Amino acid sequence: MIRKKEWISMLLAGGQGSRLYALTRKLAKPAVPFGGKYRIIDFPLSNCINSGIDTVGVLTQYQPLVLNEYLGNGQPWDLDRNNGGVFALPPYQKSSGSDWYSGTANAIYQNINFIERYDPEYVLILSGDHIYKMDYSKMLTFHKEKNADCTIAVLEVPMEEASRFGIMNADESQRVFEFEEKPKEPKSNLASMGIYIFTWSKLKKYLEQDEADPNSSNDFGKNIIPSMLADDQRMFAYAFEGYWKDVGTIDSLWEANMDLLNPIDPLKLYDPSWKIYSRNADMPPHYISKTAHVQNSMICEGSHVEGDVDFSVLFPGAVVEPGAVVRDSILMPGAVVKKNAIVEYAIIAENVVIEEGAKVGDRPENWEDKSKWGVAVVGENVHISPKAVVPPQAMIEQDV
Amino acid sequence: MRENTVLGIIFSNMHDETLGELTNVRTMGSVPFGGRYRFIDFPLSNMVNSGISNVGVVTKSNYQSLIDHIGSGREWDLARKVGGLNILPPFSNNHSGIYRGRLEALSGITDYISNNRAKYVLMADCDVISNMDYRDMIKRHISTGADITVLYQKENLAKEDLLSDTTAFGFDANGRINDVMIGPSMPGQYNVYRNVTVISRDLLSRIIADGAQHNQISFKREILQKSHDRYNIQGYESTGVSLTIHSIKSYFDANMKLLDPAVRNSIFNTQSPIYTKIKDEVPAKYGTSAKVSNSLVADGCIIDGEVENSVIFRGVQIAKGVTVKNSIVMQGATLSDGASLNYVIVDKDVLVREHRTLMGFETYPIYIAKGSVV
């Protein structure tokens, strides 16, 4: 007999993450490595357990193998529970047929049975592409205080950037009266963070209603939120203060990694009172040789540095050979940069080998035409031949 | 049916006395080593990587740190329904108590051994750092039909390496032990015992019962040395890299040897990892004035000073203006601006304040006790 839970979380992890190109060819976006030892999904999962949520359904669809293996029984996040825990929820066949998840709301709709097993009062909806530390329990308290049907976490963004986000227009009591997706002329700067708490009975009703509408695209932002607003449901904006970053694009993923190197540490990653958990690589401490120069960087256990590393993030098992230079770059697990190779402003995915003397990426100051410059990306397991040159902005998926 | 054919037994307190202050607050097994490990991680991981999934850890005293470290054994994949990890604290009945030697220690766990269903027992101590596959040794034990098989390595012992409890073997033409020296006095090449032993569980039970009746304490003296005529004791030579710890100096040297890539690669490899307790530390962060050379650095460190020829454990903070050379800095230590360390072993959670200078010598590294403020 499953015991009732006050709240559970549903984590949307099925998106393709197509704007990460080569990095998500064989990998769901939430499984993309981040910050030297983590994967993106470690952030929402750790936030859940730190906020007191012990039951998380992870909705998977696109390339789930790595993600499923990574989640395992949930033990790294203390989510291996007798009652609850973490569950990968792929689409499945039902007596009336089977469907892929057609949208964020449809993914939740197809798992109504999973949610009902815990008979929760509230459901927290999260997505697997943001880097942030957040105490969801404070948001739940707010939701209860406001007697809300839906609470949407919002972040104040600079007004000039507001047109890139879903913007919530709220009154003085934080009640939302209007939602605009990427408005040309934003009326406020409260951007939705894609984090929702719903009173479950309300959400269930709207999910069923939405499913019955053949014209709906079954999406929270496009359908569920607008129709709840249209019905004048009690919807509130919960203001979050702190570091939050969408890492859905190459540039933002690169930037978010570089933010960690800031001595001020805006994410407060080093704050032990709110740890981010991850699956461990069982590797010895990293080694910095006599010939190495390492500064302004984050380096994980299991890496091996004999060359120059500056303003970079190195994951377990990354190797930088003598004479090699890695600057303003990210080396994901097992990436090898051989002798005298140069890597600048680049994201190097897992198990890439960059042979001797090759050059990947370049510094922006060397490019007069900035439209031709950008972070270079080398996809998983790719082999870059000796002396090969990979220009900025390149997206390498095959051996060069 | 799932069965454990070999039971592993690890003695976590043997040799405690050799490390002096390092074992004041902990067992030999829980002495920190190599930036993120404890001694017991090595025999424990070796057993697990050799397919031994039932391990008993014999403790004696000061074992809180050990229990905190190994917990349920999950990090070693030893949280099992069948077998798994068992911590065996001292069990006192009318004749035993705090044990004085290995035979007495075994006598305290005699029920644990006799209730087990494994055919063989592999025993190891925590004084040898190596990455070793015990499967071949067990196979040899079975194929030679030996009563007891002991693991040894050929080693040239100089005068200072000759310790009172160094044990060396002589063999006859069939590889059977015909001589056991404890504390040899002349420098030279010896077949040195690495305190790893394979024996059938039945024979071990009989030896324990017999030993208890005759008030025998030491397995080495009473069984290996005095009874090699009675038992067929075979040697098994290991040629892999191993670092033995028998003094503060050898502890210091063993840590430093990890800076040698050949040693490091033979002890740590991805096919047979050494497991340890996970601390969920953030990767190490290097600041603008960091200058690091020939050093091992674990996760959770924040480094803004100079570090050379050193082993830095998890969560150590090294401020700008600090110089650390030829030193071992254990978990959670903080070195403040202007501090200078050379040939120092800094135990856990030590605070070294601004502009303090601590200097040992290569042959005599100084030790700063756990939790001290300098």
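Protein chains get the first letters and strands the later ones, always in sequence-line order, with residue 1 at the start of each. Not measured: the values here are computed from a predicted model.
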Item to check | Residue among A:Val313, A:Asp282, A:Val309 with most heavy-atom pairs under 4.5 Å to chain B | outcome: A:Asp282
Checklist entry - A:Gln295 and A:Asp310: which non-hydrogen atoms are nearest, and at how many Å? => result O-OD1, 3.1 Å
Next on the checklist: Please classify the contact of A:Glu306 with chain B as side chain, backbone, both or neither, using a heavy-atom distance under 4.5 Å.
Outcome noted: neither
Checklist entry - Quick one: what part of B:Leu259 sits under 4.5 Å from any heavy atom of chain A, side chain, backbone, both or neither? => result both
Item to check | Geometric cation-pi criterion B:Arg36 and B:Phe313, 6.0 Å radius, 45° cone | outcome: no
Checklist outcome for this item: Honestly, the part of B:Thr270 sitting under 4.5 Å from a heavy atom of chain A is side chain
Checklist entry - At a heavy-atom separation under 4.5 Å, does A:His293 approach chain B through its side chain, its backbone, both, or neither? => result neither
Item to check | Contacting region of B:Ile278 [heavy-atom separation from chain A under 4.5 Å] | outcome: side chain
Checklist entry - Checking heavy atoms, do the side chain of A:Phe311, its backbone, both or neither come under 4.5 Å from chain B? => result neither
Next on the checklist: Tell me the closest heavy-atom pair linking A:Pro33 and A:Leu27, and the distance in Å.
Outcome noted: CD-CD2, 4.2 Å
Checklist entry - Under 3.5 Å, is there a donor-acceptor pair linking the side chains of B:Asp304 and B:Ser289? => result yes
Checklist outcome for this item: In terms of heavy-atom contacts, A:Lys133 and A:Leu267 come closest through CD-O, 3.5 Å
Checklist entry - Nearest heavy-atom pair of A:Gly379 and A:Val352: which atoms, and what distance? => result O-CG2, 3.1 Å
Item to check | Side-chain touch A:Ile276/A:Tyr38, heavy atoms, less than 4.5 angstrom | outcome: yes
Checklist entry - Backbone N or O of A:Asn47 within a donor-acceptor pair of the A:Ser51 side chain at under 3.5 Å? => result yes
Next on the checklist: Between B:Cys301, B:Ala290, B:Pro273, B:Gly300, who has the most heavy-atom pairs with chain A when the cutoff is under 4.5 Å?
Outcome noted: B:Ala290
Checklist entry - Which bit of A:Lys275 comes within less than 4.5 Å of chain B, counting heavy atoms only: side chain, backbone, both or neither? => result side chain
Next on the checklist: Set out, in order, the CA-CA distance, both residues' side-chain angles and the distance that settles side-chain contact (heavy atoms from CB on, under 4.5 Å) for A:Arg39 and A:Phe34, then state yes or no.
Outcome noted: CA-CA 5 Å; A:Arg39 294 186 187 261; A:Phe34 177 83; over 6 Å; no
Checklist entry - Which of the residues B:Glu281, B:Lys291, B:Glu75, B:Arg314 is involved in the greatest number of heavy-atom pairs with chain A at under 4.5 angstrom? => result B:Glu281
Next on the checklist: Below 4.5 Å, heavy-atom pairs only: which of B:Ala284, B:Gly315, B:Gly34 has the largest tally toward chain A?
Outcome noted: B:Ala284
Item to check | Region of A:Asn262 in contact with chain B, defined by heavy-atom distances below 4.5 Å | outcome: backbone
Checklist entry - Given the options A:Gly302, A:Ala292, A:Gly317, A:Ser297, which has more heavy-atom pairs under 4.5 Å with chain B than any of the others? => result A:Ser297
Checklist outcome for this item: Assert top hit (heavy-atom pairs under 4.5 Å, partner chain B, pool A:Asn280, A:Thr291, A:Leu314, A:Val305) equals A:Asn280
